[in-house]
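Sequence lines set the chain letters: A, B, ... in the order given, protein chains first and strands last, and positions in each chain run from 1. Side-chain atoms are counted along with the backbone in the values below, which use heavy atoms only and exclude waters and symmetry mates.
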Amino acid sequence: MKLLSEDFFLQDAVDVARQLLGCVISYDGCSGVIVETEAYKNDAASHAFRRTARSEIMFLTSGCWYIYFVYGMYHCMNITTNGIGQPGAVLIRALQPLEGIDIMKKRRKTDDVYNLLSGPGKVCDAFGVDKKLNGTTVHGVMRVFEGKLQHDIIALPRVGIRVATELPWRFCVKDNKFVSRL
DNA sequence: TTAATGATGGGCT
DNA sequence: GCCCATCATTAAA
């Protein structure tokens with residue numbers, strides 16, 4: 001498989017989010033096909049709406065992992081986009097499991113493959129990822145490979161936000177059973 | 001089946 | 001002190 005180039009992530013977050021569907025994330029023996037993403041940039045729902053210590057990585061990098069801790073017990077993984085100085089990131093919301101299914105079942109405490117990677121918190125839990133990888137590049141220990149998508153893509157409002165809910169910046173593989181919800 | 005709620009702690013005003 | 005880019009469990013219908 002071919003690694004996605006650094007230039008790929010210089011594109012706008014919305015374009016990257018769409019094109020990431022079908023690509024493969026691989027980390028420490030676990031991998032999966034991306035089936036659901038969300039784009040965040042300068043909008044009111046984005047952490048980058050205000051420049052803070054946490055969101056600064058989105059202003060300073062492109063093609064790096066932005067991993068944050070949320071709701072007291074979960075992590076979410078994103079990839080920074082839009083180039084240097086232009087904040088943006090794509091949240092990885094769900095994948096279809098490929099490798100490491102046994103260890104992911106153990107970490108997730110379930111045998112249901114449809115419950116392994118169907119949500120941003122679940123993805124980090126199953127992969128064993130936390131803030132230690134924040135700021136590392138997509139050419140580092142956790143990588144993203146090109147994929148061919150043979151299904152349609154649907155655009156929907158983003159999940160779990162209170163503002164900017166009208167923007168259809170959530171992208172899912174149509175009719176895929178591994179997305180976090182319909 | 002869907003809807004409401006509790007868990008749990010870092011980030012930010 | 002309030003707000004979360006969530007999820008598992010419980011309650012209701």
Side-chain angles (χ1 to χ4, degrees), chain A residues 9 12-21 23 25 30 32 34-82 86-97 103-136 138 142 144 153-173 177-182:
Chain A
F9 296 100
D12 186 81
V14 174
D15 297 312
V16 173
R18 248 193 310 260
Q19 295 174 51
L20 274 178
L21 296 179
C23 296
I25 298 178
C30 296
I34 301 171
V35 296
E36 180 180 350
T37 59
E38 281 178 2
Y40 289 87
K41 41 185 180 174
N42 259 336
D43 60 285
S46 173
H47 293 169
F49 191 62
R50 304 184 198 289
R51 185 167 180 158
T52 66
R54 183 179 61 168
S55 68
E56 183 143 302
I57 190 72
M58 286 192 277
F59 291 81
L60 297 179
T61 70
S62 187
C64 286
W65 292 103
Y66 165 46
I67 299 169
Y68 62 88
F69 183 68
V70 71
Y71 291 118
M73 57 186 87
Y74 300 108
H75 291 271
C76 293
M77 63 166 73
N78 305 248
I79 305 174
T80 60
T81 61
N82 292 69
Q86 305 300 116
V90 174
L91 172 66
I92 307 300
R93 282 197 58 88
L95 304 95
Q96 179 166 336
I103 189 172
M104 291 194 288
K105 284 180 176 176
K106 192 174 177 184
R107 291 193 181 119
R108 293 278 306 121
K109 305 186 194 306
T110 179
D111 284 329
D112 180 8
V113 292
Y114 297 107
N115 196 26
L116 290 182
L117 298 167
S118 55
K122 298 177 186 179
V123 170
C124 286
D125 184 30
F127 273 37
V129 164
D130 61 22
K131 285 177 66 176
K132 290 196 294 289
L133 292 188
N134 186 48
T136 64
V138 293
M142 185 158 62
V144 189
I153 293 171
I154 54 177
L156 300 166
R158 294 172 294 180
V159 172
I161 54 174
R162 305 288 302 266
V163 294
T165 52
E166 72 284 357
L167 297 173
W169 288 355
R170 174 187 179 214
F171 301 97
C172 302
V173 176
K177 299 184 66 173
F178 296 91
V179 299
S180 66
R181 22 178 151 162
L182 185 73

Measuring to OP1 and OP2 of [N], would you say a side-chain N or O of [X] lies under 4.0 angstrom away?
| X | N | result |
| --- | --- | --- |
| Arg170(A) | dA5(C) | no |
| Arg54(A) | dC12(B) | yes |
| Arg93(A) | dT6(C) | yes |
| Thr52(A) | dC12(B) | yes |

Let me know the distance between [atom1] of [X] and [atom2] of [N], rounded to the nearest Å.
| X | N | atom1 | atom2 | answer |
| --- | --- | --- | --- | --- |
| Asn78(A) | dT6(C) | CG | P | 11 Å |
| Tyr66(A) | dA5(C) | OH | P | 8 Å |
| Leu167(A) | dA5(C) | CG | P | 15 Å |
| Glu56(A) | dC12(B) | CD | C1' | 15 Å |
| Leu156(A) | dA5(C) | CG | C1' | 15 Å |
| Tyr68(A) | dG11(B) | OH | P | 13 Å |
| Lys41(A) | dA5(C) | NZ | C1' | 16 Å |
| Ile92(A) | dT6(C) | CD1 | P | 14 Å |

Could you tell me which non-hydrogen atom of [X] sits nearest to which non-hydrogen atom of [Y], and how far apart they are?
| X | Y | answer |
| --- | --- | --- |
| Pro87(A) | Lys41(A) | O-CB, 3.5 Å |
| Val90(A) | Thr37(A) | CG1-CB, 3.7 Å |
| Gly160(A) | Tyr71(A) | O-OH, 4.5 Å |

- Message: Heavy-atom nearest nucleotide on DNA chain B for Lys131(A) versus Met73(A): which residue maps closer to 5'?
- Response: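 This one resolves to Met73(A).
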- Query: Any salt bridge between Arg107(A) and Asp125(A), counting N to O under 4.0 Å?
  - Reply: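 No salt bridge links Arg107(A) with Asp125(A).
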- Is the backbone N or O of Lys105(A) less than 3.5 Å from a side-chain atom of Thr110(A), with the two atoms forming a donor-acceptor pair by type?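 No.
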- Heavy-atom donor-acceptor pair, Thr136(A) side chain to Trp65(A) backbone, under 3.5 Å: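 Such a contact is absent between Thr136(A) side chain and Trp65(A) backbone.
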Identify whether any heavy atom of [X] sits under 4.0 Å from a base atom; if not, whether one sits that close to sugar-phosphate; answer base, sugar-phosphate or nothing.
| X | answer |
| --- | --- |
| Arg181(A) | nothing |
| Gly72(A) | base |
| Ile161(A) | sugar-phosphate |
| Asp125(A) | nothing |
| Phe69(A) | sugar-phosphate |

- Closest nucleotide among dC12(B), dC7(C), dT6(C) to the Ala53(A) side chain: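 In terms of side-chain proximity for Ala53(A), the closest of dC12(B), dC7(C), dT6(C) is dC12(B).
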- Task: Report the secondary structure of DNA chain B in dot-bracket form, marking unpaired bases with a dot and bases paired to a different strand with |, and treating Watson-Crick or G-U pairs with both distances under 3.5 Å as paired.
- Result: |||||||.||||.
- Item | Ring geometry between His75(A) and Phe69(A) (parallel below 30°, tilted from 30 to 60°, perpendicular above 60°) |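 Answer is tilted, since the angle falls between 30° and 60°.
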- Proximity of Tyr114(A) and Phe178(A) rings by center, below 6.0 Å: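 Ring centroids of Tyr114(A) and Phe178(A) are less than 6.0 Å from each other.
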- Message: Is Tyr71(A) stacked against the base of dT6(C), taking the criterion as centroid distance under 5.5 angstrom and interplanar angle under 30°?
- Response: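 Yes, Tyr71(A) stacks on the base of dT6(C).
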